[in-house]
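To start, the structure itself, in structure tokens.
One-based numbering along the sequence shown.
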Amino acid sequence: MLIQQVIRDPEVVHIIVKNVDGSGSITTGLGVALVASGASIDGVSAIKSAAGTIKAFVGVAAEDIPINGYGRVTAWGLAQSVALSNVGSSITITRGDTLKPGAVAGTFFSSITDAAMSTLLGKYVIAVSTPVAISTGSQSYVQGFVRAL
């Protein structure tokens, strides 16, 4: 874990993970979850997050992590790039919306009500900026505050 010693900027906590996701690199801005089943549970092996991996969600990739490579993941604090899910229709995400793992592995989506927050186990991302647009044709990104510890 990397934690700054002198508070100069808002606090950010990074962890180091190993990409064992067989579908490719975990690129900057994608959600990351630790492997939580089978013989691969070791606290460092990670895959792209999805709705079914919320219990093992550990943050947002702070850099591109190649297959079988190691890289930094923002577990707490401001992430400059958070990938939003292309859900097949135009939707609006605004500053302050809670984001959860989306339909496409590693991406995030805003459809959670305050009453359903407990289903996220206290692990989510809050949109810090408003994206230009989320449409059916392009990938969008937003800044987000990660809360995965």
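- A pairwise comparison of heavy atoms in L78 and V12 identifies N-CG2, 4.1 Å as the closest pair.
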- Task: Tell me, with the steps shown, if V13 and T74 meet side-chain contact (heavy atoms from CB on, under 4.5 Å).
- Result: CA-CA 6 Å; V13 177; T74 302; over 6 Å; no
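- When all heavy atoms of I26 and A61 are compared, the closest pair comes out as CG2-CB, 3.9 Å.
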- Derivation and outcome, side-chain contact (heavy atoms from CB on, under 4.5 Å), residues I16 and R72: CA-CA 5 Å; I16 305 298; R72 289 180 304 116; 3.6 Å; yes
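- No side-chain heavy atom of F108 sits under 4.5 Å from any side-chain heavy atom of D97.
- Taking hydrophobic clusters as Ile, Leu, Val, Met, Phe, Trp and Tyr residues chained together by side-chain heavy-atom distances below 4.5 Å, V73 shares a cluster with L34.
- K48 NZ to T53 OG1: the interatomic distance, rounded to the nearest 0.5 Å, is 12.0 Å.
- Note that the CG atom of L99 and the CZ atom of F145 stand 13.0 Å from one another [nearest 0.5 Å].
- Linking ILVMFWY side-chain heavy atoms closer than 4.5 Å, directly or via other members, places I54 and V82 in a single hydrophobic cluster.
- When each of V142, I93, L84 is paired with S110, the side chain to side chain contact (heavy atoms under 4.5 Å, CB included) condition holds for I93 and for no other.
- At a threshold of 4.5 Å between non-hydrogen side-chain atoms, the residues V128 and R95 do not count as touching.
- At least one donor-acceptor pair under 3.5 Å links the side chain of K123 to the backbone N or O of K55.
- With rounding to the nearest 0.5 angstrom, the NZ atom of K100 is 10.5 Å from the OG atom of S85.
- Heavy atoms only, all atoms of each residue included: A50 and P101 are closest at C-CB, 3.4 Å.
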- Item | CA sep, side-chain torsions, deciding dist, call: Y141, T28, side-chain contact (heavy atoms from CB on, under 4.5 Å) | CA-CA 10 Å; Y141 293 84; T28 303; over 6 Å; no
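- Pairing each heavy atom of A79 with each of V146, the nearest pair is CB-CG2, 3.8 Å.
- Note that the CD1 atom of I65 and the OG atom of S25 stand 9.0 Å from one another [nearest 0.5 Å].
- Nearest heavy atom pair, residue F57 against residue G31, reads CE1-CA, 4.2 Å.
- Closest approach of T94 to A127, counting heavy atoms only: O-CB, 3.7 Å.
- Here the straight-line distance linking atom CG of L30 with atom CG of N19 works out to 10.0 Å at 0.5 Å rounding.
- Using modelled atom types, one side-chain atom of T107 and one backbone atom of V104 make a donor-acceptor pair closer than 3.5 Å.
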- Query: What's the verdict on side-chain contact (heavy atoms from CB on, under 4.5 Å) for Y124 and R147, showing C-alpha distance, side-chain angles and the deciding distance?
  - Reply: CA-CA 5 Å; Y124 51 85; R147 186 180 189 278; 3.4 Å; yes
